[in-house]
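As a basis for the values below, the full set of heavy atoms in this structure was taken, side chains included, without hydrogen atoms, waters or symmetry mates. Quick caveat: nothing in here was measured; it's all calculated off a predicted structure. Counting begins at 1 with the first residue of the sequence.
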Amino acid sequence: MITINQLKIALQMPCGAEKNAKIRLDSPEILRKKAAKILGIQESKIQDITIRKHSIDARKKPLLFQVYTLGISLQDNKYEEQIVKRCKDNNVVFISQSQKDNNYCFSVLGNKTLRNPPVIIGMGPAGLFAGYMLAKYGYQPILCERGYDVDTRTKDVESFWNDGVLHPDSNVQFGEGGAGTFSDGKLNTLVKDKNGRNKEVLRIFAECGAPKEILFESKPHIGTDILKTVVKNMREFILNHGGTVHFGTKMTALEVTAGAVSGVVLNHKEVIKTNQVILAIGHSARDTFTYLNKLAVPMEAKAFAVGMRVEHPQQLINECMYGKKYGNFLPAAPYKLTAQTSTGRGVYSFCMCPGGYVVNASSEAGRLAVNGMSYSDRSGTNANSAIIVQVTPDDYPSSDPLAGVAFQKTLEEKAFALGNGRVPVQYYGDYIKNQASKVDLNHRLKKNLDKDMHFVVHKISPCIKGEYIFTNLRGLLPEECEKAFIEAMKQFDKTIPGFAGSYTILSGIESRTSSPVRICRDETMQSPAFVGLYPCGEGAGYAGGITSAAMDGILAAEKIAAKYQPLCR
């Protein structure tokens with residue numbers, strides 16, 4: 001196998017550009033021709049070309065490139081190594097059979113007898129992938145989700161956005177697929193992947209209905225619409241391979257015998273005997289955190305981040321990232337921003353949703369939190385992301401392990417009060433002046449020059465799922481966080497002119513960025529105080545997104561397989 005890295009092809013304006021045609025991947029013929037030229041061989045010698053990675057390089061605007069990593073197989077593969085040596089190009093590499101990327105391997109090494117099926121609490125990415133792997137290899141897992149199946153859940157969420165009636169166990173945070181189901185479905189992660197778990201997560205997603213492009217795009221995403229189908233297909237796989245799924249089923253207690261898990265109590269009445277429990281409860285399961293703390297499960301408060309959602313016209317982001325020539329012909333552009341402020345706090349963009357929506361992501365009465373969401377086509381008018389400020393246990397009201405949760409609750413109660421249950425919204429110009437945005441100013445925006453920032457303001461309205469109201473968001477963040485937020489916005493404006501414009505839309509509060517709690521575990525992934533209890537995923541404090549949570553779920557399944565034989569083969 002020959003690998004060609006950093007193969008660049010200049011971006012060409014698509015045919016029918018006047019009709020807003022989108023630029024797509026270069027054709028197989030173009031890739032074949034380019035690869036043959038680099039290798040110095042005839043095109044007919046190439047048997048197969050596989051795109052292994054793809055990205056857009058916009059660093060030299062207005063000249064843009066599509067950048068590929070290609071896997072090349074020749075008609076006569078015995079000459080591949082010779083051709084690479086002759087090529088003398090550092091971007092061309094020969095990969096022998098023994099050096100090829102190892103496929104992920106789930107090893108069943110345990111020799112102990114598993115008396116009862118393992119129980120998985122929660123069906124977010126961590127729980128789903130743990131269940132998927134355990135079902136696939138014969139462990140007959142039992143999955144328990146406090147919320148409901150994704151179709152029922154979708155109806156409940158849309159009902160909440162339309163009429164404000166909150167279902168405490170069926171909302172943006174709880175239900176099949178977890179909080180990631182109502183997000184952008186981003187699948188990139190910074191977690192190192194020496195064991196191939198990341199690739200396995202992407203492979204399973206693609207097998208269950210996600211676009212095949214996620215296997216090679218540098219910033220893969222699915223979108224909430226497709227993710228719902230993927231989640232259902234994963235559930236069907238689990239059921240078809242001996243697993244069991246229970247919705248509307250909350251773990252309300254653990255049974256413990258001699259320091260080891262012996263069962264779980266569901267909905268305060270049903271008991272399932274088990275010695276292996278994977279806790280994949282998600283970052284919003286505050287009542288479960290409280291129960292575990294009372295049970296003396298070792299846990300600690302951890303740092304996370306809080307801030308605001310910011311909205312801009314997607315056109316503004318596209319033109320800044322790609323340039324005006326290509327701004328309308330490439331997929332909606334993402335961005336990633338970081339800043340260090342004079343307060344000592346880092347500020348950064350998080351969960352950026354190109355062509356997306358801000359959503360009311362509340363899960364508790366009297367408290368309000370927002371998140372971001374995109375559909376697979378990312379065709380919404382606005383871009384949004386969370387601009388969040390780091391907070392640490394030093395900011396919390398006490399040294400209690402759940403002090404970070406208390407910190408979150410206080411902010412969410414203030415946000416709820418500001419909007420009387422509706423998402424509180426404000427223009428950034430008014431935020432700086434510490435005055436409420438009382439009316440929608442859209443009729444004044446089109447083609448107006450922002451006198452402070454010196455750029456043409458685009459017409460923009462909030463793109464929000466759920467009711468919203470204009471108000472004054474100053475004072476919602478703690479004072480030092482607010483100072484860091486404003487300072488960072490000014491820095492970001494230098495990178496993306498208009499980012500801190502007068503009519504940038506803010507909404508708050510973004511408080512569910514990650515878990516404020518870490519449930520301690522040892523090298524076997526088990527609680528140091530309770531044998532057979534496996535804290536897992538984002539809620540336990542070991543992941544920060546769909547992919548990393550899914551990888552942690554796979555790891556938990558591996559740990560059980562390393563100890564126990566399957567229940568069936």
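- N198 places a side-chain heavy atom less than 4.5 Å from the side chain of T547.
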Going through the distances and angles, do D287 and T290 end up as a side chain to side chain donor-acceptor pair (under 3.5 Å)?
CA-CA 5 Å; D287 50 356; T290 299; over 6 Å; no
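- Annotation: side chain to side chain contact (heavy atoms under 4.5 Å, CB included) contacts of P334 (sequence neighbours excluded): K219, Y322, M352, P354.
- R309 and S385 are not linked by any side-chain donor-acceptor pair at a separation below 3.5 angstrom, with hydrogens and angles left out of the test.
- In this structure, the side chains of R153 and S170 come closer than 4.5 Å at one or more pairs of heavy atoms.
- Side chains of V271 and L266 form no contact here, defined as non-hydrogen atoms less than 4.5 Å apart.
- The residues E255 and K273 are annotated as salt-bridged, a charged nitrogen and a carboxylate oxygen being separated by less than 4.0 angstrom.
- Partners of S362 by side chain to side chain contact (heavy atoms under 4.5 Å, CB included), not counting sequence neighbours, listed by chain and number: F160, N360, L368.
- Side-chain atoms of Y348 and I388, non-hydrogen and from C-beta on, do get closer than 4.5 Å to each other.
- A cation-pi arrangement is absent between R521 and Y534, since the terminal nitrogen or guanidinium carbon is not both under 6.0 Å from the aromatic centre and inside a 45° cone about the axis.
- Between T249 and N267 there is a side-chain heavy-atom pair separated by less than 4.5 Å.
- Defined by atom type and a distance below 3.5 Å, a donor-acceptor pair is missing between the side-chain atoms of Y148 and E176.
- Ion pairing of D552 with R197 is absent here, as no side-chain N (NZ or NE/NH1/NH2) approaches a carboxylate O to less than 4.0 Å.
- Within the 4.5 Å cutoff, the side chain of M525 has no heavy atoms near those of the I560 side chain.
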Show your reasoning for whether side chain to side chain contact (heavy atoms under 4.5 Å, CB included) applies to T252 and T288.
CA-CA 7 Å; T252 50; T288 306; over 6 Å; no
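- Donor-acceptor pairing under 3.5 Å is recorded for the side chains of S342 and E487.
- Between F407 and F304, the two ring planes are perpendicular [angle over 60°; tilted spans 30° to 60°].
- Taking the six-membered ring where the residue is Trp, Y132 and F129 present tilted rings, their angle falling between 30° and 60°.
- At a threshold of 4.0 Å, the pair R203-E207 counts as salt-bridged, since one of the basic side-chain nitrogens sits closer than that to a carboxylate oxygen.
- Comment: R286 engages E364 in a salt bridge, judged by a side-chain N to carboxylate O separation of less than 4.0 angstrom.
- Side-chain N/O atoms of S218 and S55 include no donor and acceptor closer than 3.5 Å.
- Under 4.0 Å is where a charged nitrogen must lie from a carboxylate oxygen, and between E158 and K465 no such pair does.
- For S511 and E412, the side-chain atoms include at least one donor-acceptor pair closer than 3.5 Å.
- Looking only at side-chain heavy atoms (C-beta outward), Q526 and K559 stay at 4.5 Å or farther from each other.
- A salt bridge between D149 and K155 is absent, with no side-chain N of the basic residue lying under 4.0 Å from a carboxylate O of the acidic one.
- Taking every heavy atom of both residues into account, L411 and P478 meet most closely at CD2-CD, 3.9 Å.
- Just one residue in the list I222, L215, I226 forms a side chain to side chain contact (heavy atoms under 4.5 Å, CB included) with F205, and that residue is I222.
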Result block: side-chain N/O donor-acceptor pairs under 3.5 angstrom for residues 108-121, not counting sequence neighbours:
from : atom 1 : to   : atom 2 : distance (Å)
R115 : NH2    : N275 : OD1    : 3.4

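- No side-chain heavy atom of V265 sits less than 4.5 Å from a side-chain heavy atom of L254.
- Relative to the ring axis of F216, K53 does not place its NZ or CZ within 45° and under 6.0 Å from the centre.
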